[in-house]
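Accompanying notes for the structure given below.
Throughout, a chain's letter reflects where its sequence line sits, starting with A, and its residues are numbered from 1.
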Number of protein chains: 2
Amino acid sequence: MKRIAESTVRRLSAYLRFLEEFEAQGHQTISSGELAAQGGATSAQVRKDLSFFGSFGKRGLGYSVSALSSSLREILGLGRQWNVVIVGAGKIGAALAQYEGFRARGFNVVGVYDEDPARVGGTLDGVVVRDQRELEADIARLKPHIALIAVPAEAAQALVDRVVRSGIRAILNFAPTPLMVPEKVTLRSVNMALELEILSYALVNADD
Amino acid sequence: MKRIAESTVRRLSAYLRFLEEFEAQGHQTISSGELAAQGGATSAQVRKDLSFFGSFGKRGLGYSVSALSSSLREILGLGRQWNVVIVGAGKIGAALAQYEGFRARGFNVVGVYDEDPARVGGTLDGVVVRDQRELEADIARLKPHIALIAVPAEAAQALVDRVVRSGIRAILNFAPTPLMVPEKVTLRSVNMALELEILSYALVNADD
DNA sequence: ATTACCTTGTGAAATCATTCACAAGCCCGC
DNA sequence: GCGGGCTTGTGAATGATTTCACAAGGTAAT
Ligand SMILES: NC(=O)c1ccc[n+]([C@@H]2O[C@H](COP(=O)([O-])OP(=O)(O)OC[C@H]3O[C@@H](n4cnc5c(N)ncnc54)[C@H](O)[C@@H]3O)[C@@H](O)[C@H]2O)c1
Ligand SMILES: NC(=O)c1ccc[n+]([C@@H]2O[C@H](COP(=O)([O-])OP(=O)(O)OC[C@H]3O[C@@H](n4cnc5c(N)ncnc54)[C@H](O)[C@@H]3O)[C@@H](O)[C@H]2O)c1
């Protein structure tokens, strides 16, 4: 299949979220226009996004809410559980470990790791914080699919290298630093300070 | 001035971060190639990005690290302090309130708000958690520039409306829900579950 | 069964972003 | 002060994404 743009995947995920709400409200079908109104997309955008993956609607009628939800879950790989390890049990790592929003969407935190003896042994929402020295052994045993990196920037690359060597193929990084991974590994970064800087730029360039 | 793409602003911010590191290492000048190597951009990209704002380099030599840093800070509006309020003192709100990465880049948390009496009155990194009913009065008094929204999705739109009505023009939202703001307000959202879904997509579509 | 009305799916067009490629400019050594 | 070697700044070319616009296909009422 042709490579799909990230912006498309991002929107598919937004469509799915809205479809689930819409389904809960008891609606059977939805048009591309209704689906678009939600996230600020256009109806043509919705149809184009879906067209990369097939043909899901009925002309004149729209899309079956439940069928399209299923298709999107299938496309996004959400018809299953994903196991996640979190490296770093500090402020942000702890918040992530206790975030129900992940579990609700099929992402299960199966391990949290830290190096600080004061944190190791503690428990976060039922998951015990383990020593980072157990990381390799635990990854080999639990075969998690995704690692979240929530350690200080200086430590991030070393930890990424370790989880990659242990077989992890997908990483979500919260440390504000560029990281290297082999091509076969997907790395995404959330950089909150950067988000604020974009707001700063918008504020100083507001033309009014 | 011509409208600048968000991807450009994002990269400028990354360049600045690296320039600061580079300056700390005692380097005087840097070429577009060196600057690019960092974040995976190309040298042409760096030059094009900068060219939107002026001409900062010397042909044959490169850019003065300190002069370019200053220019980028100026462009991004980082030559000043920004005051930030955080709405929601739960797990993620508390982590954000205690995050030194913000203060280090000129973003000062001047207020944290919650509705839960158990949290109000507590203190997070020196900032006292106040009752959300004080929000309007405090915004009028402290004139913060930016609001971070860290409340449950159901409550987010109502809080956004309140901070916007109070005069806030820039919002960073952490609730996984689409929000409406007037055109003059800049809204950005960080959606961590969405980031994991993009990883999920990458994992199921890995072609190897 | 025909008509009126909707909405999809999709090439083509338009817009937006990145990369190319090179003239112009500057440094430095001689 | 001239030439060789580098690096910028920028139009033009390419590539990617979004929007347009409409034929094709479906519904539902009569
Ligand atoms: N706090 C936030 O809201 C926030 C927001 C965005 C990004 N971040 C980033 O997330 C990272 C963590 O931030 P934080 O605020 O949670 O800091 P923190 O100091 O509270 O937590 C960091 C944790 O990582 C652990 N750690 C350090 N080295 C380690 C190693 N080699 N192996 C395992 N664990 C190790 C520490 O023991 C500590 O518990 C930083 O890179 C920070 O920039 C934090
Ligand atoms: N925990 C995470 O790591 C994480 C990650 C990403 C996104 N989020 C999102 O951030 C938001 C908060 O998540 P959390 O995990 O911190 O939840 P939480 O329950 O720990 O915190 C939510 C806080 O908001 C407060 N609140 C509720 N309504 C309010 C109102 N009207 N005014 C003021 N305060 C109010 C609650 O009292 C509570 O303290 C949610 O939308 C969640 O989806 C959380």
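- Among the atoms of the strands shown, none is found under 4.0 Å from any heavy atom of A/Ser43.
- Mapping B/Lys48 and A/Leu61 onto DNA chain D by nearest heavy atom places B/Lys48 at the nucleotide closer to the 5' end.
- Counting to the nearest Å, the P atom of C/dA17 and the CD1 atom of B/Ile4 are 10 Å from each other.
- Side-chain contact annotation: B/Glu34 with B/Ser31, donor-acceptor N/O pair under 3.5 Å present.
- Nucleotide D/dT18 holds its C1' atom 17 Å from the CZ atom of A/Arg10, rounded to whole Å.
- No close placement of the A/Phe18 and A/Tyr15 rings is indicated, their centers lying 6.0 Å or farther apart.
- Counting all heavy atoms, side chain and backbone alike, B/Asn108 lies closest to B/Gln81 at ND2-NE2, 2.6 Å.
- If you take CZ of A/Phe52 and C1' of C/dT8, they are 15 Å apart, rounded to a whole angstrom.
- Taking side-chain N and O atoms only, A/Gln45 has no distance below 4.0 Å to OP1 or OP2 of D/dT17.
- Here the nucleotide nearest the side chain of B/Ser55, chosen from C/dC20, D/dG9, C/dT8, is D/dG9.
- No hydrogens or angles considered: nothing links the side chains of B/Glu195 and B/Asn191 as a donor-acceptor pair under 3.5 Å.
- Between A/Ser7 and D/dT18 there is a side-chain N or O to OP1 or OP2 distance below 4.0 Å.
- Residue B/Ser51 places its side chain closer to D/dT10 than to any other of D/dT10, C/dT19, C/dT18.
- Between A/Leu50 and A/Gly60, the one whose closest nucleotide on DNA chain C sits nearer the 5' end is A/Gly60.
- Rounded to a whole Å, the NZ atom of B/Lys58 is 12 Å from the P atom of D/dT8.
- Contact annotation: B/Tyr63 reaches the phosphate of D/dG9 (side-chain N/O to OP1 or OP2, under 4.0 Å).
- A straight line from CG of B/Asp49 to C1' of D/dT10 spans 13 Å, rounded to a whole angstrom.
- Atoms CZ (A/Arg3) and P (D/dA16) sit 8 Å apart, rounded to a whole Å.
- If you take CZ of B/Arg11 and C1' of C/dC16, they are 12 Å apart, rounded to a whole angstrom.
- Mapped onto DNA chain D by nearest heavy atom, A/Arg47 and B/Arg59 fall at different nucleotides, with B/Arg59 at the one closer to the 5' end.
- Within the 4.0 angstrom heavy-atom criterion, only backbone atoms of the sugar-phosphate kind lie near A/Ser32; the bases stay farther away.
- Base engagement by B/Ala44 is indicated by at least one non-hydrogen atom pair under 4.0 Å involving a base atom.
- As rounded to whole Å, 16 Å separates atom P of C/dC26 from atom CZ of B/Phe56.
- At a cut-off of 3.5 Å, with distance as the only test, a side-chain donor of A/Asp138 or A/Tyr113 sits close to an acceptor on the other residue.
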